[in-house]
Amino acid sequence: MGAAEEGVEPGAQDDVEHGVEEERDDIGHEAQEAQGEDREFLSLERELSLLMRRARASSGEMARQVHPDLEPAAYGLLVCLDDSGPQRATDLAAFIGVGKATMSRQLRALEELGLVAREPDPADGRAWLIRLTPDGRTRFRTVRAARRAQYVRRLASWERTEVSELARLLGRLNASADT
């Protein structure tokens, strides 16, 4: 459909398109100036965005490998429980960064799948601890070992010191997000 057919005066469409191009040029120029000042942070943003997108997809795949009905967000709870042992629901919620209701729903789903169980807290009879069931631990560790093997293959050309440095820097980044 031409400019006249759209109800735009002949020649006016060129002005609109030209104005858009000028605006893009202005934005492009501003972005180039910002890149000069913050090139490292723009690069960091781009790489982290890609990493997070891949991590979300990977987390969903790993969750399904543990159990076909496991929500991807719940995979992190299994990591925490395997690394730290039995935990109170409030501690898990704080670690993951979700509210009490969300944590309750996720734990109920994990219980229904037979991956976690509740047990009385020996330090406080009013509280409950969440722990991995033997089946949950076996399923989780099988998937985790496969993931670790995948990292080893992907980073085979890296020096161990580089892998260690990456882990250290990511740990530092994660710690700064907590403050």
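A quick note: this is a predicted structure, and the numbers were derived from the prediction, not measured.
- The number of heavy-atom neighbours closer than 6.0 Å to CD of E119, taken from other residues, nucleotides and ligands shown, is above 12.
- Closest heavy-atom contact between E165 and R168: OE2-NH2, 2.8 Å.
- A89 approaches I130 most closely through the heavy-atom pair N-CG1, 4.4 Å.
- Using a distance-only test at 3.5 Å, with no hydrogens or angles considered, a donor-acceptor pair links the side chain of S49 to the main chain of E45.
- Taking all atoms of both residues into account, the shortest heavy-atom contact from V66 to R139 is O-NH1, 2.6 Å.
- Counting only heavy atoms from C-beta outward, the side chains of L50 and R54 approach each other to under 4.5 Å.
- For the atom pair CG of D38 and OG of S43, the computed distance is 12.0 Å after rounding to the nearest 0.5 Å.
- Proximity of F140 to L81: side-chain heavy atoms (C-beta onward) are nowhere separated by under 4.5 Å.
- In terms of modelled atom types and a separation under 3.5 Å, the side chain of N174 and the main chain of L170 share a donor-acceptor contact.
- In the hydrophobic clustering of ILVMFWY residues, with side-chain heavy atoms under 4.5 Å counting as a link, M52 and L44 come out together.
- Pairing each heavy atom of P72 with each of A63, the nearest pair is CA-CB, 3.7 Å.
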Per-pair distances, 0.1 Å, donor-acceptor, side chain in residues 145-153, under 3.5 Å, sequence neighbours excluded:
residue: R147; atom: NE; partner: Y151; partner atom: OH; Å: 2.9
residue: R147; atom: NH2; partner: Y151; partner atom: OH; Å: 3.1

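- Atoms CG and CZ, on L113 and R108 in that order, are 12.5 Å from each other to the nearest 0.5 Å.
- Nearest approach of Y75 to S59, heavy atoms of both residues: CB-OG, 4.1 Å.
- The backbone N or O of L173 lies less than 3.5 Å from a partner atom in the side chain of S176, making a donor-acceptor pair.
- L129 places a side-chain heavy atom less than 4.5 Å from the side chain of P122.
- The structure places CE of M62 at 13.5 Å from OG1 of T142, a figure rounded to the nearest 0.5 Å.
- Taking all atoms of both residues into account, the shortest heavy-atom contact from L110 to A74 is CD2-CB, 4.1 Å.
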Hey, can you pull the donor-acceptor pairs under 3.5 Å for the side chains in residues 97-107, sequence neighbours left out?
residue: R105; atom: NH1; partner: E71; partner atom: OE1; Å: 3.4
residue: R105; atom: NH1; partner: E71; partner atom: OE2; Å: 2.9

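- For the salt bridge (charged side-chain N to carboxylate O under 4.0 Å, His left out) criterion with D121, the lone passing option out of R126, R131, R88 is R88.
- The list of ring pair (Phe, Tyr, Trp, His ring centres under 6.0 Å) pairs with a residue in residues 83-122, not counting sequence neighbours, is empty.
- Going from atom CG of L42 over to atom CZ of R39 covers 9.5 Å, rounded to the nearest 0.5 Å.
- Residue Q87 holds its CD atom at 9.5 Å from OG1 of T90, rounded to the nearest 0.5 Å.
- Using modelled atom types, no side-chain atom of T133 and backbone atom of A117 make a donor-acceptor pair closer than 3.5 Å.
- A heavy-atom distance below 4.5 Å is not found between the side chains of V143 and L78.
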